[in-house]
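For the single chain, residues carry numbers from 1 onward in sequence order. Since this is a predicted model, take the numbers as computed values, not measurements.
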Amino acid sequence: MKIGIMGGTFNPIHNGHIHIAKAAFDDAKLDKVLFLPTGVSYMKQGVVPSFHRFNMTKLAIEDYEYFDISDIEVKRPGFTYTKDTIEELKAINPEDELYYIIGTDTLYMIEKWYEPQYLFSNLIFLVADRGDENSKLKAKELSERFNASISFLNCDFLDISSTYVREKIVNKEYDAIASMVPEKVLDYIKTNRIYDELSIPEIIRILKEELPEKRFYHTIGVRDMAVSLAKKYGVDINKAEIAALLHDCAKYMSLDNMHAICNRYFFNLTSLEAVNEGLLHSKAGACLAVEKYGIKDQEILDAIIYHTTGRPGMNTLEKIIYISDFIEINRKHSPKLPEYRKRVFYDLDSVLIDVLYDCIYHVKSVGHDIDSKTEETFKYYTNKK
């Protein structure tokens, strides 16, 4: 089969994407066009989580029998590389002829992608031309340098920008983009508040209503410690406050509901996480932070995800949230806490190692299994000393 591949963040998908995919289908006489929403892009930051982008794309194409969608990239852990995706698709159907559909902006960037020679050797590129003569010269250069096969589509250019669409959505100017975005996609965005983000006072109000009193005061204690440490170590204070406030937002969900929300966001769970609310609430919390509170910043979400286990190579925000959860002022579980609270302001990593050790010791002392990531994290930072 001749398969067209329409990859992108689709943040959000709009009628320009659909228009180009239809033109590619007709021009190249394709059998179908496969839409591939990216997972974690190494080239773009701050995009809406893959769960929502996948759903929006699925809604946008469901009325076209020759369009299909794949979750290969959204389910892949870590950064998304097109080369890995093409390898996977070729392994599934090695006889298929693959056409990669791009715009002229991508034409100028593709040589900077991961392993471009592999892409040029295994794909035929179809370019939606914007009438830029320089793009023809660029295509000629790439063809000669990489022995690439590049053709230009015969289609009118629709001047629609995802950035412009997002700006109008944030400002609730829906009429301005009604002709630019499929109606089902726009309804999904409105219903799920995809590009909304609650203010910190709103987050606190909701948490106060939903968390037990003791847990709420713990949350505020974590917030206060995290903000103080963020100021000390030059971390974005707003990010630290939001991550701290939401680190336990899913703490009181049922195990079934935690599983359901993690499945919606394509989280792979370890066998221990699957049966342990104490571990699972961190991943569920990141999902809930997106779904209920409108958080899109990946650094905030990662700080929530790893606040129970840590991970090797944590950034400073992740360390701050992990430590603050253990040492905040309302905690009384260890005589070491007063000393940790002093030392953390001049030696963050040494306190991190001590907290990791204390967590491992406590979990094992009560006969529970320790998450392997916590042990890996402890070894990682101990070996760095």
Counting C-beta onward and ignoring hydrogens, is there a side-chain heavy-atom pair between [X] and [Y] closer than 4.5 Å?
X: Ile110; Y: Phe120; answer: yes
X: Tyr322; Y: Thr309; answer: no
X: Lys184; Y: Asp63; answer: yes
X: Asp71; Y: Leu36; answer: no
X: Asp96; Y: Lys90; answer: no
X: Ile194; Y: Pro12; answer: no
X: Ile124; Y: Tyr100; answer: no
X: Ile18; Y: Phe67; answer: yes

Starting from [Y], can I reach [X] by hopping between I/L/V/M/F/W/Y residues whose side chains sit under 4.5 Å apart?
X: Leu245; Y: Val222; result: no
X: Ile203; Y: Met253; result: yes
X: Leu123; Y: Ile72; result: yes
X: Leu229; Y: Leu356; result: yes
X: Val290; Y: Ile321; result: no

Phe35-His17 aromatic ring centre distance below 6.0 Å: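 Centroid distance Phe35-His17: not below 6.0 Å, so no.
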Proximity of His307 and His281 rings by center, below 6.0 Å: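 They qualify: ring centres under 6.0 Å apart.
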Non-neighbouring partners of Glu291 that pass salt bridge (charged side-chain N to carboxylate O under 4.0 Å, His left out), sequence neighbours left out: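 Counting only residues at least two positions away or on another chain, Glu291 forms a salt bridge (charged side-chain N to carboxylate O under 4.0 Å, His left out) with Arg264.
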Donor on one side chain, acceptor on other, Asp371 and Thr374, under 3.5 Å: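 The answer is no; no qualifying pair exists.
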Donor on one side chain, acceptor on other, Glu167 and Thr163, under 3.5 Å: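 No, because no side-chain N or O of Glu167 sits under 3.5 Å from a partner of the opposite role on Thr163.
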To the nearest 0.5 Å, what is the distance between [atom1] on [X] and [atom2] on [Y]?
X: Glu111; Y: Met109; atom1: CD; atom2: CE; answer: 10.5 Å
X: Leu89; Y: Ile5; atom1: CG; atom2: CD1; answer: 5.0 Å
X: Thr219; Y: Lys208; atom1: OG1; atom2: NZ; answer: 12.5 Å
X: Leu272; Y: His368; atom1: CG; atom2: NE2; answer: 10.5 Å

Around [X], counting heavy atoms of other residues, nucleotides and ligands shown, do more than 12 lie under 6.0 Å from its [atom1]?
X: Phe345; atom1: CZ; value: yes
X: Tyr174; atom1: OH; value: yes
X: Glu213; atom1: CD; value: no

Test side chain to side chain donor-acceptor pair (under 3.5 Å) applied to [X] - qualifying residues, sequence neighbours left out:
X: Lys172; result: Asp196
X: Lys292; result: Glu210
X: Asp354; result: Arg343
X: Asn15; result: none

Glu95 backbone acceptor or donor facing Asn93 side chain under 3.5 Å: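 Flag not set: sc Asn93 to bb Glu95 has no pair under 3.5 Å.
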Check: Gly39 main-chain N/O paired with Arg76 side-chain donor or acceptor under 3.5 Å: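 Not a single qualifying donor-acceptor pair exists.
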Residues Glu87, Lys83; criterion salt bridge (Lys or Arg N to Asp or Glu O under 4.0 Å); working and verdict: CA-CA 6 Å; Glu87 277 189 328; Lys83 184 256 185 183; 3.1 Å; yes
Salt-bridged, [X] to [Y], with N to O below 4.0 Å?
X: Glu273; Y: Lys373; answer: no
X: Glu144; Y: Lys140; answer: yes
X: Asp175; Y: Lys168; answer: no
X: Asp325; Y: Arg331; answer: yes
X: Glu339; Y: Lys336; answer: no
X: Lys2; Y: Glu97; answer: no

Side chain to side chain donor-acceptor pair (under 3.5 Å) evaluation trace for Tyr381 with Asp349: CA-CA 8 Å; Tyr381 285 102; Asp349 279 2; over 6 Å; no
Minimum heavy-atom distance between Leu301 and Ala286, given as atom pair plus value: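 Here Leu301 and Ala286 meet closest at CD2-O, 3.6 Å.
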Closest non-hydrogen atom pair, Leu107 against Ala139: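 Closest pair (atom of Leu107, atom of Ala139, distance): CD2-N, 4.2 Å.
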Which pairs, with at least one residue in [range] and sequence neighbours excluded, count as a salt bridge (Lys or Arg N to Asp or Glu O under 4.0 Å)?
range: residues 222-244; result: Arg223-Glu241, Lys239-Asp297, Lys239-Glu299
range: residues 14-39; result: Lys32-Asp68
range: residues 242-254; result: Arg215-Asp248

Residues Thr85, Glu73; criterion side chain to side chain donor-acceptor pair (under 3.5 Å); working and verdict: CA-CA 7 Å; Thr85 300; Glu73 292 198 349; 2.5 Å; yes
Indicate every side-chain donor-acceptor pair of residues 147-159 with a distance under 3.5 Å to a residue at least two apart or in another chain.
none

Arg205 vs Glu209, salt bridge (Lys or Arg N to Asp or Glu O under 4.0 Å): CA-CA, chis, key distance, verdict: CA-CA 6 Å; Arg205 177 185 60 77; Glu209 291 175 356; 3.5 Å; yes
CA sep, side-chain torsions, deciding dist, call: Ile101, Phe125, side chain to side chain contact (heavy atoms under 4.5 Å, CB included): CA-CA 6 Å; Ile101 306 162; Phe125 285 87; over 6 Å; no
ILVMFWY clustering at 4.5 Å (side-chain atoms), partners of Ile329: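 Joined to Ile329, directly or through intermediates: none.
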Hydrophobic cluster partners of Ile237 (side-chain heavy atoms under 4.5 Å):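 Val227, all in the cluster of Ile237.
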ring-ring contact (aromatic ring centres under 6.0 Å, His included) against Tyr195, all qualifying residues, sequence neighbours excluded: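 For Tyr195 there are no ring-ring contact (aromatic ring centres under 6.0 Å, His included) partners, ignoring immediate neighbours.
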Trace of the side chain to side chain donor-acceptor pair (under 3.5 Å) decision for Thr308 with Ser282: CA-CA 7 Å; Thr308 54; Ser282 58; 3.2 Å; yes
Side chain to side chain donor-acceptor pair (under 3.5 Å) between His14 and His19, intermediate numbers included: CA-CA 9 Å; His14 54 65; His19 177 72; over 6 Å; no
Parallel, tilted or perpendicular, as decided by the 30° and 60° cut-offs, for the rings of Tyr357 and Phe378: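 Taking Tyr357 first and then Phe378, their aromatic rings sit tilted (interplane angle of 30° to 60°).
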